[in-house]
Structure formats: C-alpha cells, structure tokens
Amino acid sequence: MKVDILLGLQWGDEGKGKVVDVLTPRYDIVARFQGGPNAGHTLEFDGHKVVLRSIPSGVFQGNINIIGNGVVLDPVLFAGEAKDLEATGLDLHRVLKVSRKAHLILPTHRLLDAANEAAKGKGKIGTTGKGIGPTYTDKISRNGLRVGDLEAADFDERLAAATARHIDTIKALGGSVDTDQLNSLIATWKDAVAYLLTYDIIDTEHYINHALVEGKKVLCEGAQGTMLDVDFGSYPFVTSSNTVAAGACTGLGIAPGRVGDVYGIFKAYCTRVGSGPFPTELFDEDGKRMRDIGHEYGAVTGRERRCGWIDLVALRYAVMINGVTRLIMMKSDVLDTFATIKACTAYRIGESVTRDFPFSLDTPGNEPTPIYEELPGWNCDLTQATSPEQFPEAFKKYIAFIEKELGVPVTIVSVGPDRTQTIELS
Ligand code: GDP
Ligand code: IMO
Ligand code: MG
C-alpha cells in the first residue's frame with residue numbers, strides 16, 4: 001500500500017486537524033510526522049471543540065494513531081493533552097503509539113527558545129515559545145535525547161549534561177536561569193515522563209511499514225505549513241522542521257516510492273502568525289473582517305493572526321514542492337460577505353513581474369508587490385451547503401480559477417468548522 005499525506009500549503013492553521021478527522025474513517029492509521037506542541041489542530045464535532053497539539057487528529061474514530069520519529073515531544077504538554085482526552089472517556093492508551101526516536105523537549109529547551117528570541121530583539125521569529133527550535137537544533141547537532149533514551153540506565157546523567165549545556169548557552173545569550181524554578185520544572189517534567197512511559201513506545205517505522213505490507217491504509221498528518229518549512233519557507237521566519245511532503249518520509253521512515261496522494265490544504269484567503277514577510281497581508285477593513293469572521297486567533301497562543309488575500313504565487317510553489325495531487329479549500333464561508341475577492345497571481349519585484357516564488361520575500365528594496373485579479377464575491381451563506389450543486393456560480397468560478405492557476409483539482413471544500421461542514425467535489 002501507499003501512504004497519503006495531508007499537509008498545509010500556507011503559513012499553518014489551514015484547518016489540517018478538521019480534515020484529518022474527516023478523512024480518518026478511510027484509513028487504518030493516522031501518523032504525525034513532524035513539529036510538536038507548536039501545532040494547534042482544531043476539531044469540532046457533536047457540539048465539542050478539541051485542540052490537539054502533539055496527538056494526531058485521528059484519535060476520535062477508533063483508528064491507531066502514531067507520533068512519529070520526526071516529532072518533538074514535550075512530556076508535560078503531552079500529559080496535559082492526553083489526560084484531558086482520557087477524561088472525556090477516550091481510551092488513548094489503546095489507540096496511540098509513540099516513536100522511540102521522537103526527540104524530547106526538555107524544560108531548558110523552552111527557556112532557550114525564550115532566550116534566543118530575546119537575543120534576536122527586533123528580528124525575533126515570534127515563535128510559539130514551546131522549545132521547538134532548540135530541540136531540533138540539538139537533534140541536528142547530535143545532542144538530543146529521544147523517547148527511547150528514557151529507558152537508558154544513564155538517562156539522568158544525560159539529562160543533567162544537556163541541562164548544564166543549555167544553561168551555559170542561555171547565559172551566553174544574556175539570559176539567566178533561576179535554579180529553584182528550574183528544579184521544579186524538571187521535577188514536573190519527570191512526573192510527566194513517567195506518564196508518557198505508560199503508552200506504547202515502539203519502533204514506529206517498523207510498525208508502519210509492516211502495516212503497509214499487510215495492506216493497511218496510512219494517512220500522514222503534517223503540522224505547520226509549507227511557507228514555514230525550514231528549507232522552502234520564508235526563512236528565517238520559519239519553524240525548524242521539514243513541513244513538506246518529504247518530511248513524511250524522514251519523519252516516519254516511509255520510502256519516497258510509498259507516497260500516494262498528497263492532500264494540500266489552503267484557506268480561501270491567507271493567514272500568518274508571528275513575524276516574517278507576508279506579501280498579500282491586509283491592514284485595512286477587509287483584513288479585519290477576515291480576522292473577525294474567521295476567528296483568526298492562534299489555537300495555541302491566542303495571538304492575532306495576520307490576514308490577507310490568497311497568494312497563488314506561494315501556493316503554486318507549495319504545490320510544486322509537495323507534489324500535491326488533491327487540493328482542499330478551507331474556510332470558504334469566511335468570504336461569504338465580500339463583494340469582491342482578490343487573488344494574487346503574480347509578484348512585481350522591482351521592474352519585473354514573476355509568477356515564480358522568489359528566493360526571498362524580504363530583501364530590502366526587493367520586496368514583492370502582489371498583482372491581483374479580482375473576482376466577484378458570491379454574497380450568500382455557504383455554511384448550510386451540503387453538496388456542490390448548491391454552490392453559487394460565483395463560488396464555482398472562484399474554485400475553477402484556483403484550479404486553473406494551480407493545475408490541481410480541488411476535491412474537498414470546507415464551509416464551516418464542524419466535521420459535517422465538509423463537501424467533496426470528486
Ligand atoms: P490547523 O492547525 O491547520 O489544524 O488549523 P487550526 O485549528 O489552527 O485553525 C483552523 C481554524 O479554523 C479552527 O478554529 C477551525 O475550527 C476553523 N475552521 C476549519 N475549517 C473551517 C471552515 O471551513 N470554516 C470556518 N469558518 N472555520 C473553519
Ligand atoms: P499548525 O500545525 C501557525 C509559527 C510561529 C512562528 C514560527 C516559528 O497549528 O498549523 P516555532 O514555535 O515553530 O519555532 O515558531 O512558526 N508556527 C505556526 N504558525 N500554525 C502552526 O502550527 C505553527 N507552528 C509554528 O508562529 O512564526
Ligand atoms: Mg493550528
């Protein structure tokens with residue numbers, strides 16, 4: 001069997017959690033392949049709203065869910081999230097498996113994240129403060145501690161060595177560490193580790209590949225979005241992992257030839273949280289309306305999301321890098337009351353016009369100016385639609401326009417946050 005991958009094409013928060021939950025009944029296994037508790041994946045069903053950070057979005061439908069080796073895991077946040085789910089009656093121990101190779105976020109990683117940001121001053125990334133960058137830094141510099149290491153006899157010594165090294169770095173960055181506070185954080189962290197170890201900690205790469213040989217169907221769930229990818233995003237204002245389709249191969253141990261469909265999710269407009277360039281950002285009434293109607297506030301940090309028109313230059317690039325085979329358009333209903341809708345089809349950079357995503361979006365003097373095409377709005381309530389036949393003509397034209405620009409069919413359209421507000425086109 002092949003695996004399918006579902007990932008964000010913009011700057012995150014496209015609605016991945018909702019769609020993974022919707023697609024889950026078609027799969028046997030759902031697997032997160034990168035990121036950590038910087039993610040906030042929202043699911044709404046049966047009148048409930050749940051935000052998942054480290055736990056895959058397929059846990060509510062009885063399937064096996066996997067936290068893959070590419071994920072960075074904070075035992076404290078994991079325990080909080082998992083216990084909340086258990087309190088609802090969900091038998092998480094039955095459905096969840098965790099990779100031995102996933103890297104651990106230590107208390108000092110979070111402190112380092114804050115120290116790095118403070119040291120960057122005005123140039124700060126605006127991270128989620130969850131220790132993501134420092135944990136991946138330790139992974140790549142071969143200093144990380146993994147979930148499987150928790151079973152090692154010398155784990156405490158290794159934790160102490162990592163903590164001491166982090167404290168030195170924090171001090172070098174001009175920060176300080178309160179010893180009592182840190183000891184208390186470490187004690188809480190160790191309690192959470194004991195809880196984490198009650199889960200099935202396995203070699204998930206073997207598990208997934210055996211399942212594929214047996215004909216099981218696997219959906220890989222991405223976190224963040226392509227514009228936040230450490231290689232292809234708006235570097236350095238990105239996260240520290242590969243959010244693109246290739247990340248599913250390294251983050252789960254899946255061979256490239258095993259990749260089947262790649263579902264690319266985007267909003268009918270565009271948002272971004274944190275710092276960094278955003279060519280189609282709106283600072284006017286339209287942007288404010290998108291934020292208000294779309295409730296564009298971070299699921300994890302509560303921060304205001306910056307809003308703007310859809311950017312087809314960036315999306316075209318994301319489709320190319322990920323090999324997207326099916327597009328999923330989210331939050332279409334948010335544009336219901338806009339008389340005119342704009343779509344950026346090209347950038348003007350200096351004297352030239354390009355449809356290709358450039359090396360940098362924020363080279364001083366060479367910042368792209370979006371070139372827009374205007375389309376008529378549909379001016380009706382999409383949230384009640386249950387089939388594509390009910391779509392107004394103007395909305396059908398918007399979808400067709402995007403398909404033509406991106407060269408890939410839109411196969412699912414979302415018209416509201418609830419599981420049921422999801423319409424398949426083909
Ligand atoms: P994720 O990180 O990609 O899973 O997305 P988030 O959960 O961070 O943000 C998406 C937000 O939009 C959540 O609050 C969802 O409940 C909401 N949402 C998802 N799809 C739709 C939709 O089609 N319409 C509206 N109005 N809200 C949606
Ligand atoms: P989901 O999975 C939106 C952003 C942060 C910051 C940058 C780096 O919910 O779509 P980090 O903490 O990763 O070092 O922050 O990336 N960011 C996200 N923005 N959605 C996310 O996840 C994000 N995860 C990180 O705001 O700009
Ligand atoms: Mg989110």
Side-chain angles (χ1 to χ4, degrees), residues 6-22 32-45 48-54 56-57 71-72 74 105 109-110 112-114 116-117 120 124-137 221-230 233-241 243 265-269 271-278 290 292-306 328-336 381-383 385 412-423:
L6 185 144
L7 46 77
L9 299 180
Q10 296 165 320
W11 274 284
D13 301 330
E14 296 90 349
K16 299 174 289 295
K18 170 185 163 163
V19 181
V20 169
D21 172 59
V22 168
R32 262 283 294 273
F33 58 88
Q34 45 68 236
N38 48 349
H41 295 177
T42 314
L43 286 68
E44 289 194 31
F45 54 91
H48 301 291
K49 177 172 169 172
V50 189
V51 179
L52 298 171
R53 294 168 160 196
S54 304
S57 303
V71 172
V72 289
D74 182 333
I105 301 178
H109 280 134
R110 289 181 72 162
L112 258 176
D113 197 350
N116 278 330
E117 284 285 86
K120 277 182 183 278
K124 71 173 184 174
I125 309 291
T127 72
T128 57
K130 299 290 180 280
I132 305 298
T135 307
Y136 279 115
T137 301
E221 174 180 6
Q224 291 79 55
T226 304
M227 289 298 123
L228 290 169
D229 180 89
V230 68
S234 50
Y235 194 88
F237 298 98
V238 293
T239 191
S240 299
S241 63
T243 63
I265 300 200
F266 64 98
K267 286 180 193 177
Y269 50 102
T271 64
R272 167 162 214 173
V273 210
S275 328
F278 180 3
M290 286 173 190
D292 290 346
I293 300 171
H295 304 293
E296 295 295 358
Y297 296 90
V300 173
T301 56
R303 289 181 293 176
E304 247 183 32
R305 293 181 186 146
R306 301 153 63 190
I328 302 179
M329 184 160 85
M330 309 299 292
K331 302 192 92 158
S332 319
D333 54 299
V334 174
L335 299 183
D336 280 356
D381 179 8
L382 286 179
T383 60
I412 296 177
V413 165
S414 175
V415 293
D418 194 83
R419 195 188 262 171
T420 56
Q421 292 172 299
T422 316
I423 299 169

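One is the number of the first residue; the rest follow in order along the sequence. Each ligand, and each atom within it, is numbered from 1 in the order the structure gives.
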Legend entry - Location of contacts on R305 toward ligand 1, heavy atoms closer than 4.0 Å: side chain

Inset, instruction - Indicate, as side chain, backbone, both or neither, the part of D113 found under 4.0 angstrom from ligand 2 when only non-hydrogen atoms are considered. - result: neither

Legend entry - contact_flag G40 ligand 1 heavy-atom lt 4.0 Å: yes

Legend entry - Where ligand 2 meets G274 - atom numbers and elements under 4.0 angstrom, heavy-atom basis: 27 (O)

Inset, instruction - Looking only at protein heavy atoms, identify the closest one to atom 24 (N) of ligand 1 and say how far it is in Å. - result: D333 OD1, 2.8 Å

Legend entry - Any donor-acceptor pair under 3.5 Å from S332 side chain to S414 backbone: yes

Inset, instruction - Please answer whether the main-chain N or O of Q421 pairs with a side-chain N or O of K18 as donor and acceptor at a distance below 3.5 Å. - result: yes

Legend entry - Backbone or side-chain N or O of V273 under 3.5 Å from ligand 2 N or O: yes

Legend entry - Step-by-step side chain to side chain donor-acceptor pair (under 3.5 Å) determination, S57 to E221: CA-CA 8 Å; S57 303; E221 174 180 6; 2.6 Å; yes

Inset, instruction - Compare every heavy atom of S241 with every heavy atom of Q34, then report the nearest pair and how far apart it is. - result: NE2-OG, 3.0 Å

Inset, instruction - Compare R272, R32, H41 and give the one whose heavy atom is closest to atom 2 (O) of ligand 2. - result: H41

Legend entry - Proximity of K130 to ligand 2 by residue part, where a heavy atom lies under 4.0 Å: neither

Inset, instruction - Report the nearest protein non-hydrogen atom to atom 15 (C) of ligand 1: residue, atom name, distance rounded to 0.1 Å. - result: T42 CB, 4.0 Å

Legend entry - 4.0 Å heavy-atom contact, G416 with ligand 1: yes

Legend entry - Part of W11 with heavy atoms under 4.0 Å of ligand 2, whether side chain, backbone, both or neither: backbone

Legend entry - Min N/O separation M330 to ligand 1 under 3.5 Å: no

Inset, instruction - Look at atom 8 (C) of ligand 2 and say which protein heavy atom is nearest, naming residue and atom and giving the distance to 0.1 Å. - result: V238 O, 3.4 Å

Legend entry - Closest protein heavy atom to atom 20 (N) of ligand 2, given as residue, atom name and distance to 0.1 Å: D13 OD1, 3.1 Å

Inset, instruction - List the closest protein heavy-atom neighbour of atom 17 (N) of ligand 2: residue, atom name, distance to the nearest 0.1 Å. - result: L228 CD1, 3.8 Å

Legend entry - Closest D13 atom to the Mg ion (ligand 3) [N, O or S only]: OD1

Legend entry - Nearest candidate to atom 6 (C) of ligand 2, where distance is taken over non-hydrogen atoms, out of P37, G126, G15: G126

Legend entry - Spacing of K267 atom NZ and M290 atom CE [to the nearest 0.5 Å]: 11.0 Å

Legend entry - Residue and atom name of the nearest protein heavy atom (relative to atom 22 (O) of ligand 2), distance in Å to one decimal: Q224 NE2, 3.4 Å

Inset, instruction - Output yes when D74 and K130 qualify as a salt bridge under the 4.0 Å nitrogen-oxygen rule, no when they do not. - result: no

Inset, instruction - State whether the shortest distance between N or O atoms of E14 and N or O atoms of ligand 2 falls below 3.5 angstrom. - result: no

Inset, instruction - Return yes when R305 approaches ligand 2 closer than 4.0 angstrom through a heavy atom, no otherwise. - result: no

Inset, instruction - Taking both backbone and side-chain atoms into account, decide whether K16 has an N/O/S atom under 2.8 Å from the Mg ion (ligand 3). - result: no

Inset, instruction - Under 4.0 Å, heavy atoms only, figure out whether ligand 2 is touched by the backbone of R303, its side chain, both or neither. - result: side chain

Legend entry - Nearest-neighbour protein heavy atom for atom 13 (O) of ligand 2, which is reported as residue plus atom name and distance: T239 OG1, 2.6 Å

Inset, instruction - Just let me know how K331 lines up against ligand 1, side chain, backbone, both or neither, with a heavy-atom cut-off below 4.0 Å. - result: both

Inset, instruction - Can you measure from OG1 (T42) to CG (D21) and round to the nearest 0.5 angstrom? - result: 11.5 Å

Inset, instruction - Would you check if the side chain of E117 reaches a backbone N or O of T127 as a donor-acceptor pair within less than 3.5 Å? - result: yes

Inset, instruction - Decide whether an N or O pair under 3.5 Å exists between K16 and ligand 1. - result: yes

Legend entry - Value rounded to 0.5 Å, distance of CG in D336 from CG in L382: 4.0 Å

Inset, instruction - Measure from the side-chain N and O atoms of R110 to the backbone N and O of I105, and report whether any donor-acceptor pair falls under 3.5 Å. - result: no

Legend entry - Main-chain N/O of G225 paired with T243 side-chain donor or acceptor, under 3.5 Å: yes

Inset, instruction - Say whether, by atom type as modelled, one donor and one acceptor occur between the side chain of T226 and the main chain of G8 under 3.5 angstrom. - result: yes

Legend entry - Name of the residue among I293, T383, D381 meeting side-chain contact (heavy atoms from CB on, under 4.5 Å) with D333: T383

Inset, instruction - Report yes or no: does a heavy atom of K16 sit under 4.0 Å from some atom of ligand 2? - result: yes

Inset, instruction - Give a yes or no answer on whether the side chain of Y235 reaches the backbone of D229 with a donor-acceptor pair at less than 3.5 Å. - result: no

Inset, instruction - Would you give the length of the straight line joining atom CZ of F266 to atom CE of M329, rounded to the nearest 0.5 angstrom? - result: 5.5 Å

Inset, instruction - Return yes if a side-chain donor-acceptor contact under 3.5 Å exists between D13 and T271, otherwise no. - result: no

Inset, instruction - Grab the two heavy atoms, one from F237 and one from I125, that are nearest each other, plus how far apart they are. - result: CD2-CA, 4.0 Å

Inset, instruction - Tell me which protein heavy atom sits closest to atom 23 (O) of ligand 1, plus the residue, atom name and distance to 0.1 Å. - result: S414 OG, 2.5 Å

Legend entry - Distance from atom 10 (C) of ligand 1 to nearest protein heavy atom, with residue and atom: D13 O, 3.7 Å

Inset, instruction - Mind checking whether E44 contacts ligand 1 via backbone (N, CA, C, O), side chain (CB onward), both or neither, at a 4.0 Å heavy-atom cut-off? - result: side chain

Legend entry - Main-chain N/O of Q10 paired to R272 side chain as donor or acceptor, under 3.5 Å: no

Legend entry - Mode of I293 contact toward ligand 1 - side chain, backbone, both, neither (heavy atoms, under 4.0 Å): neither

Inset, instruction - State whether the side chain of S275 and the backbone N or O of K124 hold a donor-acceptor pair below 3.5 Å, judged by distance alone. - result: yes

Inset, instruction - State if S240 counts as touching ligand 2 under the rule of any non-hydrogen atom under 4.0 Å. - result: no

Inset, instruction - Report yes if some heavy atom in the side chain of V238 is under 4.5 Å from a heavy atom in the side chain of Q224; otherwise report no. - result: no

Legend entry - atom 4 (O) of ligand 1: the protein heavy-atom neighbour that sits closest, reported with distance to 0.1 Å: G17 N, 2.9 Å

Inset, instruction - Looking only at protein heavy atoms, identify the closest one to atom 15 (O) of ligand 2 and say how far it is in Å. - result: T127 CA, 3.4 Å

Legend entry - Test item, G40 contacting ligand 2 (heavy atom, 4.0 angstrom): yes

Inset, instruction - Check whether any heavy atom of E14 sits under 4.0 Å from an atom of ligand 1. - result: yes

Legend entry - Check: G15 main-chain N/O paired with K331 side-chain donor or acceptor under 3.5 Å: no

Legend entry - Heavy atom of the protein closest to atom 12 (O) of ligand 2 (residue, atom name, distance): T128 OG1, 2.6 Å

Legend entry - Close approach of M329 to ligand 1, heavy atoms, under 4.0 angstrom: no

